[in-house]
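Bear in mind that the values here come from a model prediction, so they are computed numbers and not experimental data. Side-chain atoms are counted along with the backbone in the values below, which use heavy atoms only and exclude waters and symmetry mates.
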Amino acid sequence: MASAALPSWVILGTVPRVTTAAAADDLPPGTDLSLALKAPPRVALLTIPPRIFPGRTTPANFPSVIAVDASGLILLKADQGPTTGPTVIYTPRRRQFGWRPTVAGYFILDATTASSLPLPKPELILHMGHLGLVSSPGGGGHYMVVELQPILGGDTADLLRFSSDVGEWVSKSIHYPLPFRMLSPDGVVSYYGRPWWVDLSWCLLTCDPFEDEPVLRVVPLPPGKALKCREAWGNLDKYRCVGVSAGKLRFVDMYRRSRGPAQISVWTLADPDSTEWTLEYEATFAEICDDMSYKATGLPRKVPVLALIHPTNPDVVYFFLDKYLFGVDVRARKVVECEVYELVEPPRELVATRFVHAWQLPRAPCLGSAKETDNDVSEELQQLHL
């Protein structure tokens with residue numbers, strides 16, 4: 001497949017497909033993954049074999065892409081089936097005995113080589129919502145997987161790090177600068193060579209994990225955007241997200257605390273060392289629905305669910321509505337793309353920002369089976385007018 005036919009970025013579904021014996025040709029021989037790449041706003045899908053996820057995919061049990069990187073790396077959570085005994089953790093910094101319903105499994109997938117690497121001692125990871133992937137600023141294919149493990153009520157946290165250079169987990173106690181309040185596990189964004197832990201109701205935390213003595217820094221949300229503890233808990237990622245677009249960190253907000261008109265606003269962090277946000281634009285959904293471009297889609301006049309922000313054009317934001325995924329140039333109040341979308345999971349009534357990733361592709365990603373790839377080429381050529 002010629003590289004010119006590939007989109008520069010895709011909307012990757014968080015939940016991958018898992019092959020079965022009846023569909024063995026979905027994966028090229030000797031590979032651990034394949035990709036069905038479709039131009040936005042359609043959803044690209046990752047396919048993995050049962051040796052990575054041996055269970056059956058259900059709405060309550062599925063593998064999950066935690067993070068993607070432009071180098072081609074994918075951080076994947078894929079549990080390894082039911083536990084048969086207690087989980088025992090015995091390290092110099094942590095001693096724990098407990099029961100978990102499944103055996104944890106975390107993998108680094110490389111889309112350029114179609115290979116996988118299981119991360120050692122996955123039981124050390126406490127919550128995938130605080131786990132991120134960061135490429136080394138020095139390049140060379142080096143990376144770090146990092147988890148922030150706050151100690152509720154304490155002024156320290158553990159920073160758990162797995163470096164591709166070291167090949168094992170290293171835990172370090174660092175100062176935790178936030179007051180007593182649970183940090184919502186709303187994901188980790190990689191930006192400027194750092195992980196940015198996101199609490200959509202409160203703030204962002206960041207540090208340089210490659211330093212010997214990392215220091216956490218707090219970046220509050222824009223003025224008036226902080227919520228009470230546990231406000232909209234579990235639902236906030238239907239209305240808010242943090243992402244990187246055109247090289248800047250963006251905060252997208254459509255959460256309503258009052259009965260005012262439903263609207264969307266996009267804020268930009270001035271630079272990686274700043275705590276100042278600038279309002280780029282805002283628009284009401286009534287203004288968007290009144291435009292002829294929206295009426296031409298036939299979509300109902302309903303408030304949609306937030307999906308993501310375009311990774312190179314910060315004016316464009318994507319939304320879920322019924323069976324459609326559509327992009328809006330919010331500054332212009334115009335719909336620019338609209339397609340039916342397909343996800344492995346969840347059901348459409350449960351979609352949220354955590355079920356898709358904006359992924360800027362590496363130069364030579366591994367594609368799917370020959371039949372699947374040929375179909376995708378034809379569709380992409382039609383949509384991209386190449």
Distance from T206 atom OG1 to L269 atom CG, nearest 0.5 Å? 10.0 Å

Can you tell whether the side chains of E287 and R333 come within less than 4.0 Å, N to carboxylate O? yes

Check this for me, if you would: do R331 and D315 make a salt bridge, where the nitrogen-to-carboxylate-oxygen distance has to be below 4.0 angstrom? yes

Among the clusters formed by ILVMFWY side chains lying less than 4.5 Å apart, do L249 and V219 turn up in the same one? yes

What residue among V242, I309, V330 forms side chain to side chain contact (heavy atoms under 4.5 Å, CB included) with V252? I309

Using a strict cut-off of less than 4.0 Å between a Lys/Arg side-chain nitrogen and an Asp/Glu carboxylate oxygen, indicate whether D79 and R100 qualify as a salt bridge. no

Tell me yes or no: between the side chains of R17 and T47, is some donor less than 3.5 Å from an acceptor? yes

Residue pair R51 / T19, side-chain donor-acceptor N/O under 3.5 Å: no

Any salt bridge linking K172 with E213? Criterion: basic side-chain nitrogen under 4.0 Å from a carboxylate oxygen. yes

Between R354 and D186, does any NZ, NE, NH1 or NH2 come within less than 4.0 Å of an OD or OE carboxylate oxygen? no

Relative to each other, are the rings of W196 and Y191 parallel, tilted or perpendicular (30° and 60° limits)? tilted

Quick one: which residue pairs count as a ring pair (Phe, Tyr, Trp, His ring centres under 6.0 Å) with a foot in residues 339-359, not counting sequence neighbours? F320-Y341

Side chains of W267 and S265, donor plus acceptor under 3.5 Å: yes

Any carboxylate oxygen within less than 4.0 angstrom of a Lys/Arg side-chain nitrogen, looking at D271 and K248? no

Looking only at heavy atoms, what is the nearest atom pair of G105 and Q80, with distance? CA-CG, 4.3 Å

Please evaluate residues L131 and V188 with respect to the criterion side chain to side chain contact (heavy atoms under 4.5 Å, CB included), reporting the C-alpha separation (whole Å), side-chain torsions for both, the decisive distance (0.1 Å), and the verdict. CA-CA 6 Å; L131 189 68; V188 184; 5.6 Å; no

Does R217 come within less than 4.0 Å of D208, counting only side-chain N to carboxylate O? no

Are more than 12 heavy atoms from other residues, nucleotides or ligands located less than 6.0 Å from atom CZ of F210? yes

Can E231 and Y255 be counted as having a side-chain donor-acceptor contact under 3.5 angstrom? yes

Do D110 and S115 get their side chains close enough for a donor-acceptor pair, meaning under 3.5 Å? no

Before you tell me yes or no, could you show the steps for R240 and D253 under salt bridge (charged side-chain N to carboxylate O under 4.0 Å, His left out), namely the whole-Å CA-CA distance, both residues' side-chain angles and the distance that decides it to 0.1 Å? CA-CA 5 Å; R240 287 180 169 182; D253 181 35; 2.7 Å; yes

